[in-house]
Protein chains: 2
Amino acid sequence: MPYAQLLSDEQLELIRNNSNIVSYNKKDSVFRQSTRTSHIMLLASGLVKIFKEGRNERVVLLRMASPGEYIGMLSVMGDQIHQYSATAVETSEICFIDINAFRNVLMENGKFSLKLMSIISQDGLFIFNRLINQTHKQLPGRIADVLLYFADNIYGKSQFDFPLTRRELAELAGTTKESFIRTLTEFKHDKIIDLDGSHVRIISMDIVKTLSELG
Amino acid sequence: MPYAQLLSDEQLELIRNNSNIVSYNKKDSVFRQSTRTSHIMLLASGLVKIFKEGRNERVVLLRMASPGEYIGMLSVMGDQIHQYSATAVETSEICFIDINAFRNVLMENGKFSLKLMSIISQDGLFIFNRLINQTHKQLPGRIADVLLYFADNIYGKSQFDFPLTRRELAELAGTTKESFIRTLTEFKHDKIIDLDGSHVRIISMDIVKTLSELG
DNA sequence: TTTAAGCGATGATTTATATCATCGATTTTA
DNA sequence: TAAAATCGATGATATAAATCATCGCTTAAA
C-alpha cells in the first residue's frame with residue numbers, strides 16, 4: 001500500500017479487510033471503457049496499458065501503469081464510468097479495494113485525502129503533456145518521446161525491451177504502425193539507437209532528448 | 001462559493017476571511033505557466049482562457065473557464081507550479097483563496113474533499129477528451145467540436161458571439177488560423193452555420209453533431 | 001496622428017504523414 | 001496441425017493541412 005504511513009493501523013486494517021488481489025495474464029483485460037467503476041485498483045506487480053478506444057478501431061494509448069500506481073482513479077473519482085480501458089501487458093497482480101471502504105478512509109483522513117488529490121492531479125497533468133506533445137510535435141519528436149518514456153519513466157535505463165508491439169507503440173506515439181517503424185528504422189540508421197526486434201539501446205541520449213525538445 | 005452546503009458555517013467563515021476578489025480586464029493575464037501557485041482561484045464572473053505555451057510561440061488552448069469554476073486547481077494540487085497560463089477574455093472577477101486555509105478545510109471536511117476530488121477528476125477527463133479528439137479527428141470534426149463547445153458548454157444556446165479571435169479559436173481546435181477560417185467558411189457556404197464576424201448561429205445542429213462524431 | 005501590428009480572408013504551394021499494397025515470419029485460432 | 005490472423009518491414013501513392021504570400025481593415029502603439 002503506497003503512503004501507508006499516512007494511514008492509521010485501523011485504517012490500514014479496514015482497507016486490508018476490504019481488498020483482494022486478482023492475477024492477470026498477458027493480454028487479459030482488466031476493465032473496459034464505458035463500464036461502471038466498482039473498485040479502487042492498485043497495480044501490485046506487472047505492467048498494464050491504459051488506453052482509449054475510439055470508433056473505427058482507433059486506439060489511443062494513454063500511459064503504462066507500473067507497480068504502486070492506481071489505475072482508473074480519475075474515472076472512479078470522476079463520473080463512476082470508466083473513461084478508458086486497461087489491459088495487462090505482462091503477468092500482473094492488481095489489488096481491488098472496495099470503494100466504500102476507501103472513501104470512508106478518505107473521509108476521515110485529510111492527509112491521505114490531500115495526497116490522493118495530488119496524485120490525481122499529477123496523473124492528469126502527465127497525460128495532458130503527453131497528449132499536447134502528440135498534437136504539436138512531429139513524428140521524430142513523438143518517437144523520441146516514446147523512447148524517453150520507457151527509458152526514464154518505466155525502466156529507468158537506456159537499454160530495455162519494448163513491452164509492446166509496433167502497433168501499440170504507434171498508438172502510444174499517436175501515429176500509425178508503418179510510420180512508427182519507418183522513423184525508428186531511421187533512428188537506427190542514424191546510429192541514435194541500437195535496435196534488434198524488441199530490444200532497444202539508446203546510443204545517444206542527447207540526440208534523443210534534442211529530438212524530443214525540438215519536436 | 002460552490003458546494004457551500006458541504007461546508008460548516010465556521011469553515012465558510014474561515015474561507016471568507018482568507019479570500020479576496022481581484023478584477024481583471026480583457027486580455028489581462030491571471031497567471032503564467034511555470035510560476036509558483038499561490039492561491040486557490042475561483043472564477044466569480046467573466047470568462048477566462050486556460051492555455052499551454054510551447055516553444056516557438058505554439059499555444060494550445062485547453063479550455064475556457066466559466067463562473068463557478070476553479071482555475072489552476074490541477075497545478076495547485078499537483079506540483080505547485082502552474083502547468084499552464086490563464087488570461088481574462090472578458091472583464092472578470094476572481095476570488096483568491098489562501099491555500100492553507102483551503103487545505104485546512106479540506107483536511108477536516110471529508111465530504112468537501114471528496115467533492116473536490118471529483119471535480120479535479122472530471123476536469124482532467126474533460127481535457128483528455130478534447131485533446132484526444134484533437135489528435136484523432138480531422139479538421140471538420142475539430143471545428144464542429146469548437147462550435148459545440150461554445151454552444152453547449154459555454155453559452156447553452158446555438159447562437160452566440162465567439163469570445164475569441166480566429167487565431168485563438170484555431171488554438172482551441174488544434175489547427176492554424178488559416179485552416180480554421182477556411183473550414184468555418186465552408187460550413188457557412190454549406191449552410192450549416194450563419195456567420196457574420198464573430199456572430200455565429202448553428203443552423204443545423206444535427207449536421208454539426210454528425211461532423212463531430214464522424215471526426 | 002501617423003506608424004505599426006494584428007485581424008479576417010483567400011489563393012498557391014509544399015510537405016509530413018497516412019494510406020494502400022505486398023511479403024516473409026511469427027503467432028493465434030480453429 | 002492446418003488455416004488464419006497479426007507481426008515487422010519497406011516501397012509507392014495520395015492527401016489533409018501547414019506554410020507562404022498577399023491584401024484590405026481594424027486595433028494598438030509610438
Side-chain angles (χ1 to χ4, degrees), chain A residues 25-29 54 56-61 87 89-90 133-146 161-190 193-200 211 214-215, chain B residues 25-29 54 56-61 87 89-90 133-146 161-190 193-200 211 214-215:
Chain A
N25 292 319
K26 255 188 181 193
K27 303 195 181 177
D28 284 352
S29 170
N56 50 16
E57 278 118 82
R58 264 233 176 280
V59 168
V60 183
L61 222 163
T87 294
V89 156
E90 291 171 3
N133 286 341
Q134 267 187 35
T135 321
H136 292 275
K137 283 185 185 177
Q138 52 195 58
L139 256 186
R142 303 212 299 271
I143 308 306
D145 281 344
V146 168
D161 285 296
F162 280 130
L164 303 172
T165 65
R166 298 292 196 260
R167 164 172 294 284
E168 291 171 309
L169 291 168
E171 287 161 1
L172 188 60
T175 182
T176 57
K177 184 181 65 153
E178 295 94 322
S179 294
F180 187 92
I181 290 173
R182 261 185 262 275
T183 310
L184 208 62
T185 306
E186 276 174 42
F187 283 12
K188 185 186 183 180
H189 289 154
D190 296 347
I193 59 168
D194 245 352
L195 184 63
D196 179 26
S198 60
H199 189 78
V200 210
L211 282 168
L214 292 181
Chain B
N25 291 318
K26 257 189 177 191
K27 303 196 180 175
D28 284 352
S29 169
N56 49 17
E57 279 118 80
R58 263 233 177 280
V59 169
V60 184
L61 221 164
T87 294
V89 156
E90 293 171 3
N133 286 342
Q134 268 187 36
T135 322
H136 291 276
K137 283 186 186 176
Q138 50 195 61
L139 256 188
R142 304 211 299 272
I143 307 306
D145 281 344
V146 169
D161 285 297
F162 280 131
L164 303 172
T165 66
R166 299 292 196 260
R167 164 171 295 285
E168 291 170 310
L169 291 168
E171 286 161 2
L172 188 60
T175 180
T176 57
K177 185 181 62 153
E178 295 94 322
S179 294
F180 187 92
I181 290 174
R182 259 185 264 274
T183 309
L184 209 61
T185 305
E186 276 175 41
F187 283 11
K188 185 186 182 180
H189 288 155
D190 296 346
I193 59 168
D194 245 351
L195 185 62
D196 180 27
S198 59
H199 189 79
V200 211
L211 283 168
L214 290 181

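In what follows, every chain begins at residue 1, and chains take the letters A, B, ... in the order their sequences are listed. Below, each value reflects all heavy atoms present in this structure, side chains not excepted, and no hydrogens, waters or symmetry copies.
Contact detail for Phe187(B) and Ala144(B): the closest heavy-atom pair is CE2-N, 4.1 Å. Residues Lys137(B) and Asp145(B) approach most closely at NZ-OD2, 2.9 Å, considering heavy atoms. Nearest heavy atoms, Ala173(B) versus Gln134(B): O-CG, 3.7 Å. Here the closest non-hydrogen pair linking Ser29(A) and Thr87(A) is CA-OG1, 4.0 Å. Listed here is the closest heavy atom pair of Arg166(A) and Lys177(A): CB-CG, 4.2 Å. Closest heavy-atom contact between Ser179(B) and Leu139(B): CB-CD1, 3.6 Å.
Taking the side chain as every heavy atom from C-beta outward, Leu184(A) and Phe162(A) approach each other to under 4.5 Å.
The interatomic distance linking Glu171(A) (CD) with dA18(C) (P) rounds to 13 Å, in whole Å. Distance CZ (Arg142(A)) to P (dT17(C)): 6 Å, rounded to an integer number of Å. In this structure, NZ of Lys188(A) is placed 11 Å from C1' of dA9(D), rounded to the nearest angstrom. One atom, CG of Leu139(A), and another, P of dA16(C), lie 10 Å apart when rounded to the nearest Å. In this entry the distance linking CD1 of Ile143(A) with P of dG8(D) reads 13 Å, nearest Å. Here dT6(D) presents its P atom at 13 Å from CD of Glu168(A), a figure rounded to the nearest Å. To the nearest angstrom, C1' of dA18(C) lies 14 Å from CD of Gln138(A). A straight line from CG of Leu169(A) to P of dG8(D) spans 8 Å, rounded to a whole angstrom.
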Listing time: all N or O pairs from protein to nucleotides 25-30 of chain C that are below 3.5 Å?
| residue | atom | partner | partner atom | Å |
| --- | --- | --- | --- | --- |
| dT28(C) | OP1 | Lys27(A) | NZ | 3.0 |

Quiz item: side chain to side chain contact (heavy atoms under 4.5 Å, CB included) between Thr175(B) and Thr183(B): does it pass, once the steps are laid out?
Solution: CA-CA 11 Å; Thr175(B) 180; Thr183(B) 309; over 6 Å; no
Exercise. Could you walk me through whether His189(B) and Thr185(B) pass side chain to side chain contact (heavy atoms under 4.5 Å, CB included), step by step?
Key: CA-CA 6 Å; His189(B) 288 155; Thr185(B) 305; 3.5 Å; yes
Quiz prompt | Stepwise side chain to side chain contact (heavy atoms under 4.5 Å, CB included) test for Thr135(B) and Val60(A) | solution = CA-CA 9 Å; Thr135(B) 322; Val60(A) 183; over 6 Å; no
Quiz item: Could you run down nucleotides 5-12 of chain C 5' to 3' and tag each one B, S or - for protein heavy-atom contact under 4.0 Å?
Solution: --SBBBBB
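Helix bend of the helix from dT1(C)-dA30(D) to dA30(C)-dT1(D): the angle between its two end axes, each built from five pairs, comes to 60° after rounding to 10°.
The phosphate of dA17(D) has neither OP1 nor OP2 within less than 4.0 Å of any side-chain N or O from Thr175(B).
The CD atom of Glu178(B) sits 4.5 Å away from atom OG1 of Thr176(B), with the distance rounded to the nearest 0.5 Å.
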